A.B. asks: 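To start, I am sharing the structure in question, which I have written as structure tokens.
Everything quoted here is computed from the prediction, not taken from an experiment.
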Amino acid sequence: MNREKQKKRVGLPELRVNGTEEVVLRFAPNPNGPLSIGHSRGVVINSEFAKMYSGKVILRFDDTDTKIKPPLPSAYTSIEDEFEWISGVKPDVVIRASSRMDVYLEHAENMISQGFCYVCNCSASEFKSLRDNMLACPCRENNVELNLDRWKMMILGEIEEGGSVVRVKTGLDLPNPALRDWPALRIQHTPHPIVGDKYKVWPLLDFQSAVEDHLQGVTHIVRGKDLMDSTRKQTLLYEHLGWKYPETLYWGRVKLHEFGGFSTSSIRESIEKGEFSGWDDPRLPTVSALRRRGYAPEAIREFWIELGLTQKDISISMQTIDSKNAKIIDSEAARRSFVEEPVNLNLVHPEGYGGIDDVVRLNNHPDYPEMGHREWGLERRTIQISKNDYFEGVVRLKDYADVEIRGENAIFISREKSGDVQIIHWNSSDSCVKAEIIVPTDDGNIILHGVIEDSEYAVGEIVQLERMGFAKVESTDPENGNIGLIWLHG
RNA sequence: GCUCGUGUGGUGUAGUUCGGUCCAUCAUGUCGCCCUCUCGAGGCGACGACCCGGGUUCAAAUCCCGGCACGAGCACCA
């Protein structure tokens, strides 16, 4: 065996590819809300595989449930946008299940005609008890003509919701009860937010997805292992049709320590109840929140690629993403000074007014002098330090001077650093403006008030606040000079 | 309960297909040191794992059997 000496494999594993076929993957979310962090795994894995094999990735909206998880119209565009943001590429094909209804219905009717699907009028609970005992329901033996009649009634809206369902015939002795004569289409009279009340019969995921994957030529399905039974159901359907089922890979469930379990439906509910400001509330595990806070999509990609495709259920910390993100943004984030709860101090020189500089120069980045510098005026001779840093004694004003703080005065000692004194960050009254930082915490979003050094801030710019961490500029106010920031991470 | 799946350091992950070169990879984390006028970045070092029990074998993280633990599915949701 030609084993490499203990090397860690990097990147995604190889896919099993059939000859020279083009690899076609898909990411198929329900547009019942924008994407969550969990969804981003599907975007990354599928789009990365497409990149690896120069294949295609389809973005498909599985929006065939009008009732329990109804689509949110605004989510279609959000998801398309978020897909591109995360993956760095546009999906090769975008398709909506709800706009393909005629195709699904036609396939269903054909399958009924061929006799391997039937209309079942049993209630869900009646069917379940029969199924659990490996018994056929009375509808199973109806002839094709009767099934077709009932199908017409379903289509025409002559049957109540729950009144009947189309089932795929499978072995009733299958060990897994979930697979026995599984339901493929059901009746929904609730109008669809996009296509309205045109259709009364809607396919369930297992059917819609199975048909569409085949029609789109999907070669590889990569999805969560909660859909393993779905694969088995669909394989049974493919056998009826003589189709070849795509290669399928799974990933396990992921929990983020900081967020716990979450679902799009529960987030949507919380937002609607007003518990969060919106989908991009920084406390939320949504893609829009990460994006708003300033995460680099590369960090999210690296994170999911590194986790790979294990079927283990894992619980992982945001620290891992933060660490990747920090490495990516550190070299480009200018250092800036934000003083929270500022305390004003008079900068005085023991030998008189003239002993203090009128301007001080600071580099924008300690490791990259080519990023330039900024200059702070000191003519007013007042500085601000954070209330948290205030104490009477000697401190080093970072990149400027040692001073002794006594009462409301900071008495100049020397430009040079004299030994082992604490370094604190500060601002000059001449060169700072008011600023606020939104910080998500367990107790809600809190706002830090203070002053930030004056600069040409651009909305969207990421800065590293001295001695605090990374933050993104969210708003600038040319009138009053106020800067609004949002916390990223340390 | 039934069905399916998974078990490698604190957290993740490589290695398991084809048993040896694995006193087990890498990242993250924690701790220590160095560097640095940030609690950032960088450098060095340390800590720390093959679920348990049998079996096969000269040799098992890797194969077999039996446990145990955890998770998911068992929706006319996706």
Side-chain angles (χ1 to χ4, degrees), chain A residues 1-10 13 28-32 61-65 67-71 97 120 122-125 127-128 131-132 161-167 174-180 182-188 201-202 204-206 208-209 223-233 250 252-255 257 263-265 302-303 306-308 310-317 319-324 326-327 329-331 333 335 337 362-363 365-368 396-402 416-417 421-425 464-470 489-490:
Chain A
M1 175 172 185
N2 53 343
R3 173 180 284 155
E4 296 280 318
K5 174 76 177 177
Q6 273 139 290
K7 276 282 193 323
K8 181 173 163 67
R9 195 205 70 233
V10 289
N30 178 350
N32 62 335
F61 293 106
D62 280 352
D63 57 346
T64 59
D65 175 21
K67 200 168 183 178
I68 298 170
K69 294 178 182 171
C120 170
C122 301
S123 72
S125 59
F127 184 83
K128 180 175 162 47
R131 181 198 70 180
D132 289 348
E161 284 189 9
S164 43
V165 59
V166 176
R167 296 187 179 283
L174 255 21
N176 187 346
L179 312 184
R180 297 174 198 153
W182 54 272
L185 303 98
R186 81 318 207 168
I187 295 168
Q188 293 187 128
V201 179
W202 287 83
L204 285 146
L205 167 92
D206 296 315
Q208 176 272 129
S209 176
R223 58 184 172 195
K225 69 174 187 178
D226 51 313
L227 260 20
M228 276 182 166
D229 281 352
S230 190
T231 299
R232 298 182 185 107
K233 289 181 199 173
Y250 306 95
R253 186 190 172 90
V254 175
K255 268 188 194 155
H257 291 154
S263 68
T264 303
S265 315
E302 282 177 23
F303 174 75
E306 198 169 291
L307 291 205
T310 64
Q311 292 185 28
K312 274 198 281 189
D313 300 309
I314 57 171
S315 185
I316 196 164
S317 167
Q319 276 187 342
T320 309
I321 300 182
D322 292 351
S323 156
K324 292 193 178 308
K327 286 185 176 65
I329 62 178
D330 181 73
S331 61
R335 270 50 176 173
S337 178
L362 305 97
N363 280 334
H365 196 298
D367 307 322
Y368 303 97
R396 174 78 184 170
L397 300 178
K398 187 171 185 301
D399 292 317
Y400 176 50
D402 285 6
E416 292 71 42
K417 193 177 173 219
V421 294
Q422 192 194 337
I423 297 166
I424 63 170
H425 64 290
Q464 192 197 93
L465 304 174
E466 300 274 13
R467 298 214 298 141
M468 292 181 68
F470 296 96
H489 54 70

A.B. asks: Taking the P atom in each of B:C34 and B:C51, what is the distance between them to the nearest angstrom?
C.D. replies: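 About 39 Å, rounded to a whole number of Å.
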A.B. asks: Could you state the NE2-P distance from A:H489 to B:U28, rounded to the nearest angstrom?
C.D. replies: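 After rounding, the gap between these two atoms is 13 Å.
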A.B. asks: Which whole number of Å gives the distance between the C1' atom of B:U56 and that of B:G19?
C.D. replies: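 It comes out at 11 Å once rounded to the nearest Å.
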A.B. asks: Starting at the 5' end of RNA chain B and moving along, which residue's nearest nucleotide shows up first, A:Q319 or A:R335?
C.D. replies: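 By nearest-heavy-atom nucleotide position, the 5'-most residue is A:Q319.
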A.B. asks: Of all residues at least two apart in sequence or in a different chain, which pass the ring-ring contact (aromatic ring centres under 6.0 Å, His included) check with A:F61?
C.D. replies: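 A:Y76.
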A.B. asks: With sequence neighbours left out, write down each residue that passes side chain to side chain contact (heavy atoms under 4.5 Å, CB included) with A:P70, or none if nothing qualifies.
C.D. replies: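 For A:P70, no residue satisfies side chain to side chain contact (heavy atoms under 4.5 Å, CB included) once neighbours in sequence are set aside.
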A.B. asks: Tell me the interatomic distance from A:D330, atom CG, to B:G40, atom P, rounded to whole angstroms.
C.D. replies: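 For the pair A:D330 CG and B:G40 P, the rounded distance is 11 Å.
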A.B. asks: Which value, in whole Å, describes the distance between the C1' atoms of nucleotides B:A27 and B:C76?
C.D. replies: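 Rounded to whole Å, the distance is 46 Å.
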A.B. asks: Any donor-acceptor pair under 3.5 Å linking the side chain of A:K233 with the backbone of A:D206?
C.D. replies: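 Looks like no, no N/O pair under 3.5 Å.
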A.B. asks: Would you mind classifying the nucleic acid contact of A:K327 as base, sugar-phosphate or nothing, using non-hydrogen atoms under 4.0 angstrom?
C.D. replies: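 The residue A:K327 makes sugar-phosphate contact but no base contact.
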A.B. asks: For A:K67, check salt bridge (charged side-chain N to carboxylate O under 4.0 Å, His left out) against everything at least two apart and list the hits.
C.D. replies: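 Only A:E161 meet the salt bridge (charged side-chain N to carboxylate O under 4.0 Å, His left out) criterion with A:K67.
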A.B. asks: Distance check, C1' atoms only: B:U25 and B:U8, in whole angstrom units.
C.D. replies: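 Pairwise C1' distance, B:U25 against B:U8, rounds to 11 Å.
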A.B. asks: Nearest-nucleotide wise, let me know which of A:K312 and A:H365 is further upstream toward the 5' end of RNA chain B.
C.D. replies: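 It is A:K312 whose nearest nucleotide is closer to the 5' end.
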A.B. asks: Whole-Å distance between B:U11 P and A:I316 CD1?
C.D. replies: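 For the pair A:I316 CD1 and B:U11 P, the rounded distance is 11 Å.
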A.B. asks: Only counting residues at least two apart or in another chain, list the ones meeting ring-ring contact (aromatic ring centres under 6.0 Å, His included) with A:H425.
C.D. replies: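 Once residues adjacent in sequence are excluded, A:H425 has no partner under the ring-ring contact (aromatic ring centres under 6.0 Å, His included) criterion.
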A.B. asks: If I take atom NZ in residue A:K324 and atom P in nucleotide B:U28, what distance separates them, rounded to the nearest angstrom?
C.D. replies: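 Nearest whole value for this atom pair: 7 Å.
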A.B. asks: Ignoring hydrogens and angles, answer whether the base of B:U38 and the side-chain atoms of A:Q464 contain a donor-acceptor pair closer than 3.5 Å.
C.D. replies: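 Check passes, donor-acceptor contact within cut-off.
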A.B. asks: Under 3.5 Å, which N/O atoms of the protein pair with N/O atoms of nucleotides 34-36 of chain B?
C.D. replies:
none

A.B. asks: For A:E306, which residues count as a salt bridge (charged side-chain N to carboxylate O under 4.0 Å, His left out) partner, sequence neighbours excluded?
C.D. replies: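 A:E306: salt bridge (charged side-chain N to carboxylate O under 4.0 Å, His left out) contacts with A:K324.
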A.B. asks: Under a 3.5 Å cutoff on both atom distances, Watson-Crick or G-U, what's the dot-bracket for RNA chain B ([ ] crossing, | other strand)?
C.D. replies: (((((((..(((.......[.....)))((((((.......))))))...(((((..]....))))))))))))....
A.B. asks: Taking protein heavy atoms under 4.0 Å as touching, what does nucleotides 70-78 of chain B look like 5' to 3' if B marks base contact, S marks sugar-phosphate-only contact and - marks none?
C.D. replies: -SSSSSBBB
A.B. asks: When the P atoms of B:C26 and B:A46 are considered, how many whole Å apart are they?
C.D. replies: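 Nearest-Å result for B:C26 against B:A46 at atom P: 12 Å.
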A.B. asks: Within this structure, what is the CG-to-P distance between A:L179 and B:U3, rounded to whole angstrom?
C.D. replies: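 Atom CG in A:L179 sits about 12 Å away from atom P in B:U3.
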A.B. asks: Have a look at A:R396 and say if it touches a base, only the backbone sugar-phosphate, or nothing, with a 4.0 Å heavy-atom cut-off.
C.D. replies: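 Base, at least one base atom sits under 4.0 Å.
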A.B. asks: Rounding to an integer number of angstrom, what distance separates B:C31 and B:C39 when you compare their P atoms?
C.D. replies: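 Here B:C31 and B:C39 have their P atoms 15 Å from each other.
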A.B. asks: Could you give the distance separating B:G43 and B:U36 at their P atoms, to the nearest angstrom?
C.D. replies: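 Each nucleotide's P atom is 16 Å from the other's.
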A.B. asks: For A:T64 and A:Q188, work out which heavy atoms get closest and say how close.
C.D. replies: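 Looking at all heavy atoms of both residues, the shortest contact is O-NE2, 3.1 Å.
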A.B. asks: Of all residues at least two apart in sequence or in a different chain, which pass the side chain to side chain contact (heavy atoms under 4.5 Å, CB included) check with A:A178?
C.D. replies: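 Side chain to side chain contact (heavy atoms under 4.5 Å, CB included) list for A:A178, sorted by chain: A:N176, A:D229.
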A.B. asks: Is the shortest side-chain heavy-atom distance between A:I424 and A:L397 below 4.5 Å?
C.D. replies: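 Yes, their side chains come closer than 4.5 Å.
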A.B. asks: Round to a whole Å and report the spacing from CZ of A:R467 to C1' of B:U38.
C.D. replies: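 My rounded result for the distance is 7 Å.
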A.B. asks: Using a heavy-atom cut-off of 4.0 Å across all strands, would you classify A:T310 as base, sugar-phosphate, or nothing?
C.D. replies: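 Sugar-phosphate, no base atom in range.
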A.B. asks: Using the test ring-ring contact (aromatic ring centres under 6.0 Å, His included), find all partners of A:Y400 that sit at least two apart in sequence or belong to another chain.
C.D. replies: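 A:W426.
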A.B. asks: Just the rounded figure in Å: distance from P of B:A27 to CZ of A:R9.
C.D. replies: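 Value for this atom pair: 16 Å.
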A.B. asks: Residues in salt bridge (charged side-chain N to carboxylate O under 4.0 Å, His left out) with A:R335, at least two apart?
C.D. replies: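 A:R335 satisfies salt bridge (charged side-chain N to carboxylate O under 4.0 Å, His left out) with A:D330 only.
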A.B. asks: Excluding sequence neighbours, so at least two apart, what forms salt bridge (charged side-chain N to carboxylate O under 4.0 Å, His left out) with A:D65?
C.D. replies: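 A:R186.
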A.B. asks: Taking atom C1' in both B:G53 and B:G7, what distance in whole Å separates the two?
C.D. replies: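 Per the computed distance, 16 Å lies between those C1' atoms.
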A.B. asks: Would you say A:R180's side chain and A:L174's backbone share a donor-acceptor pair under 3.5 angstrom?
C.D. replies: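 Indeed, once roles are kept as given, a pair shorter than 3.5 Å links the two residues.
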A.B. asks: So what does A:S315 touch, heavy atoms closer than 4.0 Å: a base, only the sugar-phosphate, or nothing?
C.D. replies: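 The residue A:S315 makes sugar-phosphate contact but no base contact.
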A.B. asks: In whole Å, I'd like the distance from the CG atom of A:L397 to the C1' atom of B:U38.
C.D. replies: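 About 14 Å, once rounded to whole Å.
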